[in-house]
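All heavy atoms count here, side chains included; hydrogens, waters and symmetry mates do not. One-based numbering, in listed order, for ligands and for the atoms of each. From a predicted model like this one, the values you see are computed outputs, not experimental measurements.
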Amino acid sequence: MKLHWSPRSPYVRKTMIAAHVLGVADRIERVRSVAVMTRPNPAIMADNPLNKIPTLVLEDGTVLVDSRVICEYLDALSSGPHIFPAPGPARWQALSWAARADGLLDLLILWRNEREKPSETRTAAWIDAFREKAGATLDRFEQELAAIESQPFGIAHIGLGCALGYLDFRFADLGWREGRPQLARWYRGFEEHPAAIATEIIDD
Ligand SMILES: N[C@@H](CCC(=O)N[C@@H](CS)C(=O)NCC(=O)O)C(=O)O
């Protein structure tokens, strides 16, 4: 199977961490695909008209879009460990934490786009709102970290780790660790996970 891939994308990283944890990374052919919101890439769009990565093309030509869908597909391939809990309260909770982490990433991408506009076209109210929502989301993760840690490593941990890694990558000046000692401690452990090391996000 072929994955439209980039070492800069936190969403792609989610899928690759999942693949490593599930033991299926060697079945994925990574194709370097440059995805920029303002410059649609014909090579990506041939498979995904939304121009988004990750996009996974299966051997039979089926195209899977969105990191959540791809992670779930990879989970289904695994005969060993799983990253999605079975249906029941633990699953709904894990999916909700994972969706919150993805939402944080979505917000950070919009914030970055706004931040990079010339100052005269930037909307200060949006930037203020992004900062407030990102801070509140991180605070909520700090409060709920004990519950997250009590669960086996899975999709919620992968999503949270990728969002925090993206903060370090593109928002280092935000100082997200300040006032959030539990999250900072947890992230030190996440960074040492072999799957996190193998997929570290970089500017290539
Ligand atoms: N919800 C999607 C978000 C994917 C996404 O926004 N990827 C970015 C790269 S980090 C992208 O492809 N941007 C190009 C575009 O939006 O045109 C997912 O989880 O896969």
Side-chain angles (χ1 to χ4, degrees), residues 1-22 24-25 27-58 62-77 83-84 91-92 94-117 123 126-127 130 133-134 137-138 141 154-172 174 176 190 195-196 198-204:
M1 49 194 162
K2 178 186 94 176
L3 182 71
H4 286 287
W5 173 93
S6 159
R8 299 179 194 170
S9 165
Y11 303 98
V12 168
R13 187 181 190 205
K14 277 177 58 195
T15 61
M16 287 308 299
I17 291 181
H20 281 280
V21 169
L22 295 165
V24 297
R27 292 168 64 179
I28 296 176
E29 178 202 347
R30 294 176 305 166
V31 177
R32 178 69 171 95
S33 300
V34 178
V36 180
M37 219 178 252
T38 49
R39 271 184 283 128
N41 176 344
I44 301 173
M45 292 188 66
D47 290 324
N48 179 354
L50 289 172
N51 191 53
K52 289 201 182 290
I53 57 170
T55 292
L56 185 70
V57 185
L58 307 185
T62 304
V63 177
L64 301 184
V65 302
D66 201 287
S67 59
R68 302 174 204 201
V69 176
I70 296 170
C71 285
E72 193 143 357
Y73 173 74
L74 298 177
D75 193 61
L77 287 185
I83 55 170
F84 287 86
R91 180 180 177 90
W92 318 135
L95 291 180
S96 189
W97 280 325
R100 190 197 291 159
D102 286 352
L104 176 57
L105 272 180
D106 296 344
L107 179 162
L108 293 171
I109 303 268
L110 293 174
W111 184 352
R112 180 162 177 253
N113 288 344
E114 193 61 26
R115 185 178 75 176
E116 291 195 349
K117 283 184 187 169
T123 305
W126 286 13
I127 295 194
F130 291 145
K133 289 187 249 184
T137 303
L138 289 164
F141 275 125
I155 192 63
H157 308 81
I158 293 171
L160 178 58
C162 288
L164 297 177
Y166 187 74
L167 278 165
D168 278 349
F169 184 54
R170 297 291 193 204
F171 288 82
L174 209 62
W176 66 263
F190 175 84
T199 59
E200 204 179 343
I201 198 162
I202 52 163
D203 247 336
D204 60 340

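For Arg115 and Phe171, the positive end sits near the middle of the six-membered ring, less than 6.0 Å away and at most 45° from its axis.
Panel note: side chain Asn41, backbone Ala35; no donor-acceptor pair is recorded below 3.5 Å.
Among Gly103, Ser6, Ser9, the residue whose heavy atom lies nearest to atom 10 (S) of ligand 1 is Ser9. Scanning Asn51, Val12, Ile44 for the heavy atom closest to atom 14 (C) of ligand 1 points to Asn51.
Taken from OG1 in Thr123 to CD in Glu114, the straight-line distance is 4.5 Å, to the nearest 0.5 Å. Rounding to the nearest 0.5 angstrom, the gap separating the NE2 atom in His4 from the OG1 atom in Thr55 is 6.0 Å.
Nearest protein heavy-atom neighbour of atom 19 (O) of ligand 1: Ser67 OG, 2.6 Å. Ile53 O, 2.9 Å is the protein heavy atom nearest to atom 7 (N) of ligand 1. For atom 1 (N) of ligand 1, the nearest protein heavy atom (residue, atom name, distance) is Asp66 OD2, 3.0 Å.
Some N or O of Lys52 is nearer than 3.5 Å to an N or O of ligand 1, by distance alone.
The pair Arg68-Glu72 fails the salt-bridge criterion, with no side-chain N (NZ, NE, NH1 or NH2) lying under 4.0 Å from an Asp/Glu carboxylate O.
Under a 4.0 angstrom heavy-atom cut-off, Asp102 registers as lying outside contact with ligand 1.
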>> Pair Arg170, Asp203 - check salt bridge (Lys or Arg N to Asp or Glu O under 4.0 Å), show working.
In response: CA-CA 10 Å; Arg170 297 291 193 204; Asp203 247 336; 3.4 Å; yes

